[in-house]
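Chain naming here is simple, since letters A, B, ... match the order of the sequence lines and numbering starts at 1 in each.
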Number of protein chains: 2
Amino acid sequence: MAKRPGSRRRTIKDVAAEANVAISTASLALNGKGYVSQDTRKRVLEAAKRLDYVPQPAARQLVTQETGNVGFVLRADHFTRSEPFYTRVFLGAEFEAEQHDRYVLLATIPEQYVPGEHSPRFLRQRNVDGILVAGKVAPAFLAEVEASGLPVVLIDFEKDHLPNVVVDNQAGARSAVDHLLGLGHQRISFVGADMEHPAVASRLDGYRLALSAAGLPSDPSLILAKSGGNPDRETGKQLGERLLALEPRPTAVFCVNDATALGVLDTAKKHDVSVPRSLSIIGFDDVTGAQTSIPSLTTVRVYKEQLGELALRYLAELMGGAEQHSDRYQRGFHDIKLPTELVVRNSTARREGDHE
Amino acid sequence: MAKRPGSRRRTIKDVAAEANVAISTASLALNGKGYVSQDTRKRVLEAAKRLDYVPQPAARQLVTQETGNVGFVLRADHFTRSEPFYTRVFLGAEFEAEQHDRYVLLATIPEQYVPGEHSPRFLRQRNVDGILVAGKVAPAFLAEVEASGLPVVLIDFEKDHLPNVVVDNQAGARSAVDHLLGLGHQRISFVGADMEHPAVASRLDGYRLALSAAGLPSDPSLILAKSGGNPDRETGKQLGERLLALEPRPTAVFCVNDATALGVLDTAKKHDVSVPRSLSIIGFDDVTGAQTSIPSLTTVRVYKEQLGELALRYLAELMGGAEQHSDRYQRGFHDIKLPTELVVRNSTARREGDHE
DNA sequence: TATTTTTGTCGAAACGTTTCGACAAACGTA
DNA sequence: TACGTTTGTCGAAACGTTTCGACAAAAATA
């Protein structure tokens with residue numbers, strides 16, 4: 001492990017010499033390309049191992065004109081928010097990148113993005129071969145990325161025709177509301193914010209679908225939504241007040257995410273409304289706080305690491321050979337939907353007085 | 001902004017041609033090295049700007065034998081914990097790295113580190129010129145880093161003689177306890193866990209120092225500490241129970257961090273002990289949740305981004321010219337202590353019945 | 001058997017920078 | 001004036017890889 005101070009880094013030249021072949025042959029053998037006999041391949045590989053040879057990325061990059069890096073961009077406020085959602089997505093991407101022998105360069109951009117000023121450095125320097133964009137970002141940024149001509153995959157966000165990997169929000173929401181319906185609830189509210197966000201919109205769709213599939217009318221007064229803003233705990237608290245004021249009061253509520261669900265829970269506690277006895281609450285995401293709240297939160301689990309993993313794999317496909325790439329393109333597989341899982345905890349229960 | 005599809009990337013050769021100088025001269029001018037006349041320097045710079053020239057990192061790396069990258073390593077569980085402490089540290093480092101035209105490669109390691117198996121890829125591939133290590137990590141990892149011979153700076157953690165950047169925990173703790181003393185409290189408890197952690201130990205030192213400076217005896221029964229474990233909210237809840245059981249009950253408590261402080265607050269609420277009227281609570285770190293808790297938490301603010309910034313600057317110094325480096329070394333400036341700031345909110349108050 | 005195709009190996013060129021050494025002009029100083 | 005030093009510029013080498021084209025031996029085909 002320890003390097004002798006004077007020991008030069010081994011190069012492919014050393015390996016070639018050790019294996020008694022030409023440099024080019026060594027390269028071929030190492031990369032499994034072209035015609036190399038069994039015997040020499042083995043000799044080269046052994047020599048490489050013996051010398052502890054590690055190829056120098058810079059040299060390869062220079063000739064292949066690829067950087068071996070992918071960029072990962074998200075909004076700073078998303079990255080530093082207390083629920084490490086995107087941190088997990090990033091780690092998933094980083095993990096998968098390792099399999100592809102690539103590095104992930106992280107860059108954050110502000111919510112209010114100004115193209116020239118806030119552009120990620122690797123974009124200006126063209127130090128990446130592809131880009132992952134996680135979460136909602138300013139349109140101006142996406143325009144810039146598109147203009148760069150680099151392959152890009154969006155994560156947890158949709159825009160135009162851009163390739164993306166998203167949670168199956170609609171199906172997830174549906175499973176949540178179906179769960180409530182199965183518990184005998186009929187008057188089920190929806191709580192959410194930032195309705196323009198595609199993910200939020202899909203979750204509302206799922207809510208509506210579940211209700212209509214159950215033959216229930218869709219009552220607009222049950223849909224409590226702030227059109228702008230962020231679906232955070234504070235918003236949940238506020239909308240929780242409106243929820244409790246409804247007449248008659250809903251017996252269950254589907255919240256657009258766990259943060260708002262926890263906010264609604266706060267408000268319920270404040271007004272001494274027993275959860276889940278008088279009110280069932282269900283969230284979405286399965287954040288860390290969902291397990292430790294009192295009561296613990298029934299929610300729809302999202303596999304965050306997998307989101308990053310799949311996105312990177314997709315991006316790798318777009319970057320590698322243009323053939324497969326256009327294949328996928330032409331077959332119209334532009335988005336990948338990641339299934340969710342309903343996690344039943346203690347914030348939901350059979351409707352009071354309901355007899356199965 | 002948009003690249004014409006067929007347009008080759010500009011090279012220094014293009015710039016040289018445009019400015020009518022040799023490639024070597026262009027390089028000199030661009031990098032501000034050697035002797036270049038005012039006039040030609042200007043011509044080269046203008047040509048570069050006109051052509052939108054961006055040097056290709058790989059080519060430079062190949063000749064300088066530097067990677068231009070620094071590694072940032074931390075434990076996965078630290079990175080994904082819900083308080084984005086290290087995320088902020090990372091962003092600070094990344095920001096500063098930009099000034100030095102370097103990229104930061106992030107790698108996480110597990111708590112139980114096995115050298116061969118979990119080694120960050122950039123360490124094996126030697127794809128970094130220096131390493132930042134944030135937070136507590138396994139000794140085996142640090143040994144590996146040391147053996148690699150790469151310059152390293154620890155952040156928020158101390159080990160042996162390794163250069164580090166840490167919060168001035170002792171002074172911060174002292175300011176916290178001084179604040180409580182100033183409010184008339186005399187019976188002040190300490191709540192913490194993971195006492196072997198250098199930062200925790202320093203905070204306890206600060207606590208003791210403040211008390212003895214005030215002429216108060218150090219009462220061991222007031223020090224509630226789990227020796228192992230993590231100082232998290234759950235731990236705070238548990239130790240909170242022990243705190244409230246003390247006879248006579250302390251009127252104030254200094255918690256080793258905000259997470260435990262919030263846990264103590266939970267317990268106080270549960271037992272209907274009014275905060276801050278009957279019990280003053282003060283934390284450390286100023287996490288996001290400290291502002292929104294009820295009551296909001298008085299705490300010691302830590303400048304997380306600055307921690308990363310300073311660490312990277314320090315590392316850059318160690319990587320750049322060996323002269324300055326050894327200078328600092330020999331002068332013994334191995335650690336940098338970052339000042340804290342007391343943030344007074346609503347969880348601390350004058351001792352009941354105390355008259356200034 | 002004669003010819004083409006496949007297999008295996010090699011030397012050399014290329015990628016885009018920095019830096020070394022050579023050289024000459026301009027500028028000091030004796 | 002003569003000579004050393006500073007200033008300015010340049011060509012060429014070097015960094016460590018991949019890949020191209022040449023070549024020959026072996027194998028397949030006619």
Side-chain angles (χ1 to χ4, degrees), chain A residues 7-45 47-48 51-69 101-103 124-127 129 320-321, chain B residues 7-45 47-48 51-69 101-103 124-127 129 320-321:
Chain A
S7 72
R8 222 180 8 82
R9 179 182 189 139
R10 300 303 193 160
T11 74
I12 198 173
K13 204 168 164 180
D14 300 320
V15 175
E18 176 88 4
N20 261 311
V21 295
I23 294 181
S24 48
T25 305
S27 174
L28 259 14
L30 255 9
N31 295 304
K33 292 187 180 174
Y35 293 115
V36 178
S37 73
Q38 281 295 332
D39 179 60
T40 48
R41 159 159 294 124
K42 187 157 158 266
R43 273 206 336 273
V44 171
L45 260 34
L51 297 183
D52 194 25
Y53 166 71
V54 180
Q56 194 164 311
R60 177 180 312 188
Q61 287 163 29
L62 187 55
V63 43
T64 62
Q65 290 295 85
E66 296 211 335
T67 66
N69 303 324
D101 199 22
R102 290 181 171 280
Y103 285 100
R124 284 193 302 101
Q125 301 189 177
R126 302 224 123 218
N127 204 14
D129 306 322
Chain B
S7 74
R8 220 180 11 82
R9 179 182 189 138
R10 300 303 193 161
T11 73
I12 199 173
K13 203 169 165 181
D14 300 321
V15 175
E18 177 87 5
N20 261 310
V21 294
I23 293 181
S24 48
T25 304
S27 174
L28 260 13
L30 255 9
N31 296 303
K33 292 187 181 175
Y35 293 116
V36 178
S37 73
Q38 281 295 332
D39 179 59
T40 47
R41 160 159 294 127
K42 188 157 157 265
R43 276 209 331 277
V44 170
L45 260 33
L51 298 182
D52 194 25
Y53 166 72
V54 180
Q56 193 163 314
R60 177 181 312 187
Q61 287 163 29
L62 188 56
V63 44
T64 61
Q65 292 293 86
E66 297 211 335
T67 67
N69 302 324
D101 198 23
R102 290 181 171 280
Y103 285 100
R124 283 193 303 100
Q125 300 189 178
R126 301 224 125 219
N127 204 14
D129 306 322

Trace of the side chain to side chain contact (heavy atoms under 4.5 Å, CB included) decision for A:V54 with B:R124: CA-CA 8 Å; A:V54 180; B:R124 283 193 303 100; 5.9 Å; no
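Contact annotation for A:S24: base contact, defined as any heavy-atom pair under 4.0 Å involving a base atom. When heavy atoms are screened at a 4.0 angstrom cut-off, A:P57 is found touching no nucleic acid atom at all. A:T11 comes within 4.0 angstrom of the backbone, heavy atoms only, and of no base. In this structure, B:T25 reaches the bases: a heavy-atom distance under 4.0 Å links it to at least one base atom across the strands shown. Across all strands shown, A:Q65 has heavy atoms under 4.0 Å from sugar-phosphate atoms exclusively, and none from any base.
Rounded to whole angstrom, the span from the CD atom of B:Q56 across to the P atom of C:dA14 amounts to 17 Å. Between the CG atom of B:L62 and the P atom of C:dA14 there is a distance of 17 Å, rounded to whole Å. B:R9 places its CZ atom 7 Å from the P atom of C:dT17, with the value rounded to the nearest Å. Separating the CG atom of A:D14 from the P atom of D:dG16 is a distance of 9 Å, rounded to the nearest angstrom.
Checked for salt-bridge contact, B:R102 and B:E66 meet the test: a charged N lies under 4.0 Å from a carboxylate O.
Of the candidates C:dC10, D:dT17, C:dT19, D:dT17 carries the atom nearest the A:A59 side chain, counting heavy atoms from C-beta on.
For the pair B:Y53 and C:dT17, the criterion of a side-chain N or O lying under 4.0 Å from OP1 or OP2 is met. Distances shorter than 4.0 Å separate some side-chain N or O of B:K33 from OP1 or OP2 on C:dT19. In this model, the phosphate group of D:dT7 is approached by a side-chain N or O of B:Y35 to a distance below 4.0 Å at OP1 or OP2.
Two residues, B:A22 and A:L28, neighbour DNA chain D, and the one matched to the more 5' nucleotide by heavy-atom proximity is B:A22.
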